[in-house]
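Read the structure below first, then the notes.
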Amino acid sequence: WLLHALYSVIPNYGVAIILLTILVRVVTAPLTLRQMRSMERLRRVPLAEDVPGTEVIRTGEAFFFSSRAELDARWPQLADIPSASNALVVLPLTNTGAVVGVVSFGFGRARGFDGQDRVAFLAIADQCAIAIDRARLYEAARADAAANELLARVSDAGGGPDWHDIARRISEVCTEK
């Protein structure tokens, strides 16, 4: 409806979409900034600290908290920290037996997590872990391919009796963009 309202004022969908995008970003900027600050704090949490995410990494155990009171009872040091989450799921990202990270889901209202919910959340965590593993494998394969290409290009630089000339040609190959 908002897009149509903007279009009625400016009869150009391209411009209306751009204005709508800007409007949405301005309206959501405070929430986005809060989330970014919160994520930045989480990046700097030492693994030895006693908080849900680090315990999941240390133990590999998933946590399902139906209410903020349940979370605060387990981690009283977090009770004074404001949060929009009144129920929380914290899951390990495991693939090939090692915990490679944590994913968490917060809910605005307290809620229970039945067996079906738990299976679904664990399946999501498994898919996230697989995606991380695939990204790492892809990056390793890409790095190997780049190294092999460089070796082939250096080999093509050829040999000869003058090692200064060989070194210059290899240097040229290695510094090409």
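The model shown is predicted, which means the values in this text are computed figures rather than measured ones. Position 1 is the first residue of the sequence, and the numbers go up from there.
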- prompt: Any chance CD of Gln77 has more than 12 other-residue heavy atoms, nucleotides or ligands included, within less than 6.0 Å?
  reply: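 It does: Gln77 CD has more than 12 such atoms within range.
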Closest non-hydrogen atom pair between [X] and [Y], with its separation:
| X | Y | value |
| --- | --- | --- |
| Asn95 | Ala129 | ND2-O, 3.9 Å |
| Leu91 | Val56 | C-CG1, 3.6 Å |
| Ala87 | Ser66 | CB-O, 3.6 Å |
| Leu71 | Pro52 | CD1-CG, 3.9 Å |
| Arg68 | Ser83 | NH1-CB, 2.9 Å |
| Trp75 | Glu55 | CZ2-OE1, 3.6 Å |

N/O donor-acceptor pair under 3.5 Å between [X] side chain and [Y] backbone:
| X | Y | answer |
| --- | --- | --- |
| Ser85 | Leu88 | no |
| Arg118 | Phe113 | yes |
| Glu149 | Ala145 | no |

[atom1]-[atom2] distance between [X] and [Y], expressed to the nearest 0.5 angstrom:
| X | Y | atom1 | atom2 | answer |
| --- | --- | --- | --- | --- |
| Leu137 | Ile132 | CG | CD1 | 12.0 Å |
| Leu122 | Phe64 | CG | CZ | 4.5 Å |
| Asp80 | Asp72 | CG | CG | 8.5 Å |
| Phe65 | Arg111 | CZ | CZ | 14.5 Å |

Indicate, with yes or no, if [Y] and [X] share a hydrophobic cluster defined by side-chain heavy-atom contacts under 4.5 Å among Ile, Leu, Val, Met, Phe, Trp and Tyr.
| X | Y | result |
| --- | --- | --- |
| Ile124 | Ile130 | no |
| Phe121 | Val119 | no |
| Ile18 | Val26 | yes |
| Leu20 | Ile17 | yes |
| Val51 | Leu93 | no |

Hey, does [Y] have a side-chain heavy atom less than 4.5 Å from the side chain of [X]?
| X | Y | answer |
| --- | --- | --- |
| Val27 | Val24 | no |
| Arg136 | Val100 | yes |
| Val102 | Val90 | yes |

- request: Would you verify whether the NZ or CZ of Arg109 falls within 45 degrees of the ring axis of Phe107 while also being under 6.0 Å from that six-membered ring's centre?
  value: no
- prompt: Using 4.0 Å as the upper bound for N to carboxylate O, is an ion pair formed by Arg134 and Glu139?
  reply: no
